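Computed from a predicted model, the values in this text were never measured in an experiment.
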Amino acid sequence: MEKRMWLTGATLIDGSGGEPLENSGVFIEGKKIMYAGPASSFIVPEGTEVIELHGKTIMPGMIDAHVHIHGPKSLNMAQVALEPSEMQMGRALQDLPKLIQAGFTTVRDVGSHVAVYIRDLMKEGVVKGPRIKTSRHMLSQTGGHADIHMLPSEMNIFTTCDGVDECIKTARTQFREGADFLKVCSTGGVLSEKDDPRWSQFRLDELKAIVYEAESVQSYVAAHAQGTQGILNALMAGVKTIEHGIYIDERGIELMLQQKAVLVPTLSIVHRIIQEGHKFGVPEFGIRKAQLVYQEHIEHMITAHKAGVVIASGTDFCSCAPVEHGGNALELELLVNDVGFTPMEAIVAATRSAAAAMQMSEQIGTIEAGKLADIIVLGVNPLSDIRLLQTNSNIEQVYLEGERLK
């Protein structure tokens, strides 16, 4: 018989955005939630472990929809490319307990050469940590955002492809090597030296070819897309998520709504680079570009939010300061303070909407019957102050598929 648990008495924030439910009950059997609702409306089967949680808050395990599980020592990509991948694998493994302790039960890795192996080690039971879905490498055109400009091209740790045929083969290769989905760079970026976030990258026919290959294996494409035209190109090609979206315009918002695409702003990395990048070796060009884009980024996110675009929480964090894992709930604070979300909307961004970004809405993101039992128990109510989610001691219990990891 599968293990049964009854979590009872807590205030339930189920991730749907609805009103919290006091004196709730959540019944878990094996890996799944079988009931979530008023405690008084459920008869607990004999032999069930009862966990009393009066005065506590229950909510879905948080999801960071944009991370890099790749263990760099700094945000200087040239240094990252020159360091042994074994060192980076070791650091990345150390990130797993940090994420669990912070209440994150799922992460979407959007570019890493080691995350595939860490994901598979977790499946084998060798290590424990949050569920990982990974794109493996980022795909970039030659000279694009993920082509490390500071080094000779043969030293690039990501993947470049040019022309439709090459894009097709590269997309197929990523899936062959274990990618769960694909990540493309349709614009320049902040941490790439020789391009500009507003510049478009990849032609539309190249992007469409990559999307076609992903959809052929029932997967999808996420696009690093910061400039206006690059966002439009990505959406016209059929990508499911726009990462960053700094210069999104009305047409981009319209397309996102039509296609039910998800926007992942990643405010946290730019915020941290501006605040602390100079202390930790972030290249000067990265700090300068972050300062240049941040206010416009916020303004466009406010517009997108008001228009009804689905916005998911993602940090763009990795292993190194000032963007080390463990502080991933910062994104919720920035959504509230800078973009105007309510605390409940921010929680939805880190649960239901982030699950939608990962194309996993049927499995995770809300606490309801039939979903996987990814649950966190808090000693506080985050609706009173969203910053409470950044204090690990407030996150008292963490369950991943019904297994208690904290």
Relative to the ring of H145, is the ring of H224 parallel (under 30°), tilted (30 to 60°) or perpendicular (over 60°)? parallel
Just to verify, which of R131, R404, K32, K31 counts as forming a salt bridge (Lys or Arg N to Asp or Glu O under 4.0 Å) with D374? R131
For the residue pair F280 and C320, establish whether any side-chain heavy-atom pair is separated by less than 4.5 Å. no
Pair K128-E403, salt bridge (charged side-chain N to carboxylate O under 4.0 Å, His left out): steps then yes or no: CA-CA 11 Å; K128 292 185 182 296; E403 180 182 3; 2.9 Å; yes
Side-chain heavy-atom pair I132, L96 within 4.5 angstrom cut-off: yes
Do you know the tightest heavy-atom contact between R91 and G71? NH1-O, 2.8 Å
If you take all heavy atoms of P72 and V80, which pair is closest and at what distance? CB-CG2, 3.5 Å
Spatial distance of atom CD (E22) from atom CG (L12) [nearest 0.5 Å]: 11.0 Å
Taking atom SG of C167 and atom CD of E206, what is their separation to the nearest 0.5 Å? 4.5 Å
salt_bridge(K56, E396) N-O dist < 4.0 Å: yes
Do H70 side-chain atoms and A92 backbone N/O form a donor-acceptor pair below 3.5 Å? no
Between Q218 and E215, is there a donor-acceptor pair closer than 3.5 Å when you use the side chain of the first and the backbone of the second? no
Begin with the C-alpha distance, continue with both residues' side-chain angles, and end with the deciding distance and a verdict on salt bridge (charged side-chain N to carboxylate O under 4.0 Å, His left out) for R198 and E296. CA-CA 12 Å; R198 294 165 293 189; E296 266 192 278; over 6 Å; no
Taking 4.0 angstrom as the limit, do R172 and E213 come out as a salt bridge? yes
Roughly how far, to the nearest 0.5 Å, is CD1 of I69 from CG of D95? 5.5 Å
Any donor-acceptor N or O pair under 3.5 Å, side chains E331, S268: yes
Which heavy atom of R108 sits nearest a heavy atom of A222, and at what distance? NH1-CB, 3.7 Å
Roughly how far, to the nearest 0.5 Å, is CG of D338 from CD1 of I302? 7.5 Å
Side-chain H-bond candidate by donor/acceptor type, T48 with R4, under 3.5 Å: no
Does N76 offer a backbone N or O that forms a donor-acceptor pair with the side chain of S74 under 3.5 Å? yes
Side chain to side chain contact (heavy atoms under 4.5 Å, CB included) between K73 and Q79, worked out: CA-CA 8 Å; K73 193 173 184 179; Q79 291 180 2; 5.8 Å; no
T11 (side chain) donor-acceptor with T57 (main chain) under 3.5 angstrom: no
Return yes if some donor-acceptor pair links the side-chain N/O of S112 with the main-chain N/O of V114 below 3.5 Å, else return no. yes
Do the side chains of R251 and E254 get close enough for a salt bridge, i.e. N-O under 4.0 angstrom? yes
Test side chain to side chain contact (heavy atoms under 4.5 Å, CB included) applied to M62 and T105, L389, T106, the passing residue: L389
Using only heavy-atom distances, determine whether the side chains of S140 and D147 contain a donor-acceptor pair under 3.5 Å. no
Using a 3.5 Å distance criterion without hydrogens, assess whether the side chain of N233 forms a donor-acceptor pair with backbone atoms of F202. no
Atom NE2 in H325, atom NZ in K98: separation rounded to 0.5 Å? 8.5 Å
Is there a donor-acceptor pair under 3.5 Å between the side chain of Q275 and the backbone N or O of H271? no
Starting from the C-alpha separation in whole Å, work towards a yes-or-no answer on side chain to side chain contact (heavy atoms under 4.5 Å, CB included) for Q359 and K133. CA-CA 10 Å; Q359 311 295 300; K133 297 292 184 180; over 6 Å; no
Would the distance check show the side chain of R352 and the main-chain N or O of S16 forming a donor-acceptor pair, the cut-off being under 3.5 Å? yes
Taking side chain as C-beta onward, heavy atoms only, is L383 less than 4.5 Å from I347? yes
Measure across A307 and I253 and return the closest heavy-atom pair with its distance rounded to 0.1 Å. CB-CG2, 3.6 Å
Taking the side chain as C-beta and beyond, is there a heavy-atom pair between D249 and L232 under 4.5 Å? yes
How close do D195 and G188 get, heavy atom to heavy atom, and via which atoms? OD2-CA, 3.2 Å
Nearest heavy atoms of L335 and A349, plus distance in Å: CD1-CB, 3.9 Å
Between S384 and N381, a side-chain donor and acceptor under 3.5 Å: no
Indicate yes or no: at least one non-hydrogen side-chain atom of F341 is less than 4.5 angstrom from one of I311. yes
With a 3.5 Å cut-off and no angle check, do the side chains of S200 and Q229 form a donor-acceptor pair? no
From L332 atom CG to E345 atom CD, the distance as rounded to the nearest 0.5 Å: 11.5 Å
Please state whether the rings of F158 and H137 are parallel, tilted or perpendicular, taking 30° and 60° as the class boundaries. perpendicular
